Amino acid sequence: MEFVVLRDDADHFRAILNDLEFFTVRDGILEHLPPSAHLPGDVWQVWGADMQRGRWRVDMMREPGTPDRWIYKRDPTIQMARSAAVRVSETGIPYLAPINVMLFKAKYRRDKDERDFEIARQKISLAERKQLIAWLDELHPGHDWIETLRIGGGRDAGSTGMR
């Protein structure tokens with residue numbers, strides 16, 4: 001399971017998931033994090049392992065925001081109301097809005113990121129397209145997605161994409 005917690009809540013969630021062994025993930029290196037150790041401030045991701053079954057169970061990512069404010073961890077000047085950045089599914093599960101996810105995925109552009117972009121761009125509104133274009137212009141000038149978003153293809157452009 002992959003989920004995000006606010007920076008200051010990470011140790012609380014580790015305590016709740018105390019049947020797992022946690023490992024910090026930093027620059028591709030895993031290091032065991034003893035249960036009594038606080039999560040270092042420069043660590044943004046920890047993995048939780050079920051050692052008895054030999055399986056990873058959680059991928060917990062930390063974010064720098066507040067309960068009311070979403071802050072992009074790669075550039076803290078990019079912020080928005082948490083109520084706009086985090087959506088809730090029909091079954092009550094919170095998830096990050098597609099344009100925020102695409103902002104993260106724009107950096108690497110792996111095959112899976114390209115597929116996700118093709119799906120997401122069909123579902124976002126004109127206002128969301130404009131916001132993502134502005135972010136990409138600022139952080140990734142010349143990114144291929146910018147032109148694709150300018151051409152359109154979202155909900156407001158007559159797409160049949162689902163909401």
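These numbers were taken from a predicted model, which means no experiment stands behind them.
Summarising the local packing, NE2 of His32 is surrounded by more than 12 heavy atoms from other residues, nucleotides or ligands at distances under 6.0 Å.
Partners of Glu2 under the side chain to side chain contact (heavy atoms under 4.5 Å, CB included) rule, at least two apart in sequence or in another chain, are Asp59, Met61.
The shortest heavy-atom contact between Arg7 and Pro64 is NH2-CB, 2.9 Å. Between Arg69 and Met80, the shortest heavy-atom distance links the atoms NH1-C, 3.3 Å. The two residues Ala84 and Ala97 have their closest heavy-atom pair at O-CB, 3.9 Å. Across Arg129 and Ile124, no two heavy atoms sit closer than the pair CG-CD1, 3.4 Å. In plain terms, the two heavy atoms of Pro40 and Thr24 that are nearest each other are CD-CG2, 4.4 Å. The two atoms that bring Arg14 and Pro35 nearest to each other are NH2-O, 3.5 Å, heavy atoms only.
Val101 places none of its side-chain heavy atoms less than 4.5 Å from the side chain of Asp116. Taking the side chain as every heavy atom from C-beta outward, Trp70 and Glu63 approach each other to under 4.5 Å. Between Val43 and Leu33, the closest side-chain pair of non-hydrogen atoms is not below 4.5 Å. The shortest side-chain heavy-atom distance between Phe23 and Val46 does not fall under the 4.5 Å cut-off.
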Checking side chain to side chain donor-acceptor pair (under 3.5 Å) for the pair Trp145/Glu114: CA distance, chi angles, key distance, verdict?
CA-CA 9 Å; Trp145 292 356; Glu114 293 295 329; 3.1 Å; yes

Using the side-chain contact (heavy atoms from CB on, under 4.5 Å) rule, take Glu138 and Thr77 through it: C-alpha gap first, then chi angles, then the decisive distance, then the call.
CA-CA 11 Å; Glu138 183 178 332; Thr77 64; 3.7 Å; yes

Evaluate the criterion salt bridge (charged side-chain N to carboxylate O under 4.0 Å, His left out) for residue pair Arg87 and Glu128; output intermediate values, then yes/no.
CA-CA 14 Å; Arg87 312 269 172 84; Glu128 291 169 323; 2.4 Å; yes

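Here NZ of Lys130 is found 13.0 Å from CD1 of Ile99. Values are rounded to the nearest 0.5 Å. Atoms CG and CD, on Leu126 and Gln131 in that order, are 12.0 Å from each other to the nearest 0.5 Å. Once rounded to the nearest 0.5 Å, the distance linking CG of Asp9 with CD1 of Ile16 reads 9.0 Å. Between atom NE2 of residue His143 and atom OG1 of residue Thr148 there is a gap of 9.5 Å, rounded to the nearest 0.5 Å. The CG atom of Leu132 lies 9.0 Å from the CG atom of Asn100; values are rounded to the nearest 0.5 Å. The structure places CG of Leu6 at 11.5 Å from NE2 of His12, a figure rounded to the nearest 0.5 Å.
Taking the six-membered ring for Trp and thresholds of 30 and 60 degrees, Phe3 and Phe13 have ring planes inclined between 30 and 60 degrees apart.
Residues Val25 and Leu39 are members of separate hydrophobic clusters, defined by side-chain heavy-atom contacts under 4.5 angstrom among Ile, Leu, Val, Met, Phe, Trp and Tyr. Grouping the Ile, Leu, Val, Met, Phe, Trp and Tyr side chains by contacts below 4.5 angstrom, directly or via other members, places Trp47 apart from Met60. Under the 4.5 Å side-chain heavy-atom criterion for grouping Ile, Leu, Val, Met, Phe, Trp and Tyr, Leu149 is connected to Leu139 within one hydrophobic cluster. Hydrophobic clustering (side-chain heavy atoms under 4.5 Å, transitive across Ile, Leu, Val, Met, Phe, Trp, Tyr) keeps Leu96 apart from Val5. At a threshold of 4.5 Å between side-chain heavy atoms, the hydrophobic network of Ile, Leu, Val, Met, Phe, Trp and Tyr places Leu30 and Met51 in one connected group.
Across Gln122, Arg115, Arg121, a single residue satisfies side-chain hydrogen bond (donor to acceptor under 3.5 Å, both in side chains) together with Glu118, and that is Arg121.
Formation of a donor-acceptor pair under 3.5 Å by the Asp50 side chain with backbone atoms of Arg53 is found in this model. Between the side chain of Asp27 and the main chain of Ile29, no donor-acceptor pair closer than 3.5 Å is present. In this structure, the side chain of His140 does not engage the main chain of Ala106 through any donor-acceptor pair within 3.5 Å. Asp137 places no side-chain N or O within donor-acceptor distance of the main-chain N or O of Ala134, the cut-off being under 3.5 Å. Side chain of Arg62 to main chain of Trp44: no donor-acceptor pair is present (N/O by atom type, distance under 3.5 Å, no hydrogens or angles).
Each ring pair (Phe, Tyr, Trp, His ring centres under 6.0 Å) pair with one or both residues in residues 76-108, not counting sequence neighbours, appears once here: Tyr72-Phe104.
With respect to Asp19 and Arg57, no salt bridge is recorded, no charged nitrogen being found less than 4.0 Å from a carboxylate O.
A donor-acceptor contact closer than 3.5 angstrom is absent between the side chains of Asp68 and Thr66.
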